[in-house]
Amino acid sequence: MDKFEVTNRQFKQFVDGDGYRKREYWKPEFTKDGRVVSWEEGIREFVDATGRPGPRTWALGAYPDGQENFPVGGVSWYEAAAYCESVGRTLPTLFHWCQAAGVQALDYIIQLSNIGSRSPAPVGSHQGLSPYGSYDMAGNVKEWCWNSAGNQRFILGGAWNEPGYMFGDPDARSPFDRSPANGFRCAKYDDPQSLPAPLTG
């Protein structure tokens, strides 16, 4: 599991490297409201405020000034999965994320995390550390996970603008949802092929 959430600076490398045009990064087919949509139809939705490829919270293909170390937000599950694929990683499963986050210690972690506040913060600037050494698993941005819940995908941890109990409350949204608080971190497994099917469903 990555120590930090993916930052604006890191995601900018994906954007500048034509990540939105390289179909080899976009492995899961686009499914919206229970129906498969074409690549061309799906990818058209993933633009910034000025119509360029990129997170919803960006403009002119760039993140806001001075926010290079802030977690990227305003990305769909598909964008998160494609970025992870581009760097040889994957989104964590729901089960790995929950284990790494230490939700059983919720009361202690949220006191030191960016949750229930007014804005995101640079990654690692709060001391809410998980038992396995990852920062910001509670708050800052919500984090997409691999697993599905019907036609939705899990997104966990709560966000800066949500109450503390959301750290331990599983949430699921459309994989096309691009709310400003939607972010992610990546994971890398020693042997992805060995993961039991029930963990990746």
Side-chain angles (χ1 to χ4, degrees), residues 2 5-8 10-64 67 70-87 89-98 120 136-137 139-162 166-167 169-187 199-201:
D2 283 355
E5 295 161 324
V6 172
T7 65
N8 281 317
Q10 290 172 309
F11 202 85
K12 184 75 161 62
Q13 295 174 341
F14 175 74
V15 174
D16 291 347
D18 283 337
Y20 282 86
R21 295 184 178 89
K22 294 180 178 177
R23 293 185 64 168
E24 63 267 28
Y25 297 152
W26 303 76
K27 296 201 169 174
E29 61 186 3
F30 293 140
T31 304
K32 192 171 187 180
D33 300 324
R35 70 178 182 91
V36 175
V37 300
S38 69
W39 158 263
E40 292 78 14
E41 181 181 349
I43 203 72
R44 278 199 298 267
E45 299 206 17
F46 304 141
V47 294
D48 67 19
T50 54
R52 297 189 184 185
R56 176 185 171 191
T57 54
W58 292 15
L60 297 173
Y63 50 81
Q67 294 192 10
F70 281 60
V72 67
V75 293
S76 68
W77 180 88
Y78 290 108
E79 290 164 282
Y83 172 88
C84 290
E85 181 70 28
S86 76
V87 294
R89 302 176 82 77
T90 185
L91 288 173
T93 72
L94 166 74
F95 311 99
H96 289 91
W97 192 97
C98 288
D136 302 312
M137 295 192 83
N140 227 15
V141 290
K142 297 170 78 73
E143 299 181 16
W144 287 112
C145 291
W146 181 263
N147 304 78
S148 61
N151 294 327
Q152 300 180 318
R153 295 281 179 166
F154 281 104
I155 185 166
L156 306 180
W160 77 86
N161 58 355
E162 294 184 323
M166 288 301 295
F167 174 42
D169 193 2
D171 192 6
R173 299 184 178 186
S174 163
F176 278 90
D177 189 293
R178 307 179 81 224
S179 299
N182 291 0
F184 66 103
R185 76 180 69 223
C186 303
L199 294 185
T200 58

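One-based numbering along the sequence shown.
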S.K.: Would a distance-only check, ignoring hydrogens and angles, find a side-chain to backbone donor-acceptor pair under 3.5 Å from Trp97 to Gly157?
M.R.: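 No; zero donor-acceptor contacts below 3.5 Å.
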
S.K.: What pairs with Lys27 under salt bridge (Lys or Arg N to Asp or Glu O under 4.0 Å), at least two apart in sequence or on another chain?
M.R.: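 Residues passing salt bridge (Lys or Arg N to Asp or Glu O under 4.0 Å) with Lys27: Glu85.
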
S.K.: Trp39 and side chain to side chain contact (heavy atoms under 4.5 Å, CB included): which partner among Glu29, Arg23, Arg44?
M.R.: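 Of Glu29, Arg23, Arg44, side chain to side chain contact (heavy atoms under 4.5 Å, CB included) with Trp39 is met by Arg23 alone.
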
S.K.: Does the distance from a Lys or Arg side-chain N to an Asp or Glu carboxylate O, for Lys22 and Asp18, drop under 4.0 Å?
M.R.: no

S.K.: Which atoms form the tightest heavy-atom contact between Asp171 and Leu156, and what is the distance?
M.R.: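 Closest approach of Asp171 to Leu156: N-CD2, 3.9 Å.
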
S.K.: Is there a donor-acceptor pair closer than 3.5 Å between any side-chain N or O of Asn182 and the backbone N or O of Asp177?
M.R.: yes

S.K.: Please step through side chain to side chain contact (heavy atoms under 4.5 Å, CB included) for the pair Lys142 and Ser179, ending with a clear verdict.
M.R.: CA-CA 10 Å; Lys142 297 170 78 73; Ser179 299; over 6 Å; no

S.K.: For a quick test of reading the model, state the closest non-hydrogen atom pair linking Gly183 to Val141 and the distance between them.
M.R.: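 Gly183 and Val141 have their closest heavy atoms at CA-CG2, 3.7 Å.
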
S.K.: Looking at every non-hydrogen atom in both residues, tell me the closest pair between Pro71 and Glu5 and how far apart they are.
M.R.: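 Scanning both residues completely, I find the closest heavy atoms to be CB-OE1, 3.5 Å.
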
S.K.: Closest heavy-atom contact between Gly73 and Pro55?
M.R.: O-CB, 3.4 Å

S.K.: Closest approach of Ser38 and Phe30, non-hydrogen atoms and distance?
M.R.: O-CD1, 3.6 Å

S.K.: How long is the straight-line distance from CG of Leu60 back to OG1 of Thr50, given to the nearest 0.5 Å?
M.R.: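 Answer for the OG1-CG pair, Thr50 versus Leu60, is 4.0 Å.
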
S.K.: Is the shortest side-chain heavy-atom distance between Phe167 and Glu162 below 4.5 Å?
M.R.: no

S.K.: Strictly distance-based, threshold 3.5 Å: is any side-chain N or O of Asn8 a donor or acceptor partner for the main-chain N or O of Tyr63?
M.R.: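 Answer holds: no.
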
S.K.: Give a yes or no on whether the backbone of Thr31 and the side-chain of Tyr78 come within a donor-acceptor separation of less than 3.5 Å.
M.R.: yes

S.K.: With the side chain counted from C-beta on, respond yes when Pro64 and Phe70 share a heavy-atom pair under 4.5 Å apart, and no when they do not.
M.R.: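 No, too far: nothing below the 4.5 Å cut-off.
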
S.K.: Measuring from Asn161:CG to Asn140:CG, what's the distance to the nearest 0.5 Å?
M.R.: 10.5 Å

S.K.: Could you give the distance from CD (Gln10) to CG (Asp2), rounded to the nearest 0.5 Å?
M.R.: 7.5 Å

S.K.: Could you check whether Tyr20 and Tyr25 have their ring centres less than 6.0 Å apart?
M.R.: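 When the ring centroids of Tyr25 and Tyr20 are compared, they turn out to be at least 6.0 Å apart.
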
S.K.: Thinking salt bridges, do Lys32 and Glu41 make one under a 4.0 Å N-O criterion?
M.R.: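 Salt bridge absent between Lys32 and Glu41.
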
S.K.: With a 4.5 Å limit on heavy-atom distance, are the side chains of Phe184 and Val72 in contact?
M.R.: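 Yes, their side chains come closer than 4.5 Å.
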
S.K.: Look only at the side chain of Ser174 and the backbone of Phe176, and say whether a donor-acceptor pair between them is shorter than 3.5 Å.
M.R.: yes

S.K.: Can you tell me how far the NE2 atom of His96 sits from the CG atom of Leu91, to the nearest 0.5 Å?
M.R.: 13.0 Å

S.K.: Please report the closest heavy-atom contact between Pro175 and Asn151, naming both atoms and the distance.
M.R.: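 For Pro175 and Asn151, the tightest heavy-atom pair comes out as CD-O, 3.3 Å.
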
S.K.: Whether the side chain of Trp77 engages the backbone of Cys145 through a donor-acceptor N/O pair (distance < 3.5 Å, no angle test) should be reported.
M.R.: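 Checked: pair present.
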
S.K.: Rounded at 0.5 Å granularity, tell me how far CH2 in Trp26 sits from OG in Ser86.
M.R.: 9.5 Å

S.K.: Flag the pair Val87 / Phe14 as yes when at least one side-chain heavy-atom distance between them is below 4.5 Å, and no otherwise.
M.R.: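 No. Closest side-chain heavy atoms not under 4.5 Å.
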
S.K.: What about the rings of Phe154 and Trp146, do their centers lie closer together than 6.0 Å?
M.R.: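 So the answer is no for these two rings.
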
S.K.: Who passes salt bridge (Lys or Arg N to Asp or Glu O under 4.0 Å) against Glu143, sequence neighbours left out?
M.R.: Arg185

S.K.: The test is side chain to side chain contact (heavy atoms under 4.5 Å, CB included); show your working for Trp144 and Glu79 and say whether it passes.
M.R.: CA-CA 10 Å; Trp144 287 112; Glu79 290 164 282; over 6 Å; no

S.K.: Return the orientation label for the Tyr83 and Phe11 ring planes: parallel under 30°, perpendicular over 60°, tilted otherwise.
M.R.: parallel

S.K.: Could you tell me which residues satisfy side-chain contact (heavy atoms from CB on, under 4.5 Å) with Arg56, sequence neighbours excluded, listed by chain and number?
M.R.: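 Arg56 satisfies side-chain contact (heavy atoms from CB on, under 4.5 Å) with Arg178, Pro180 once adjacent residues are dropped.
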
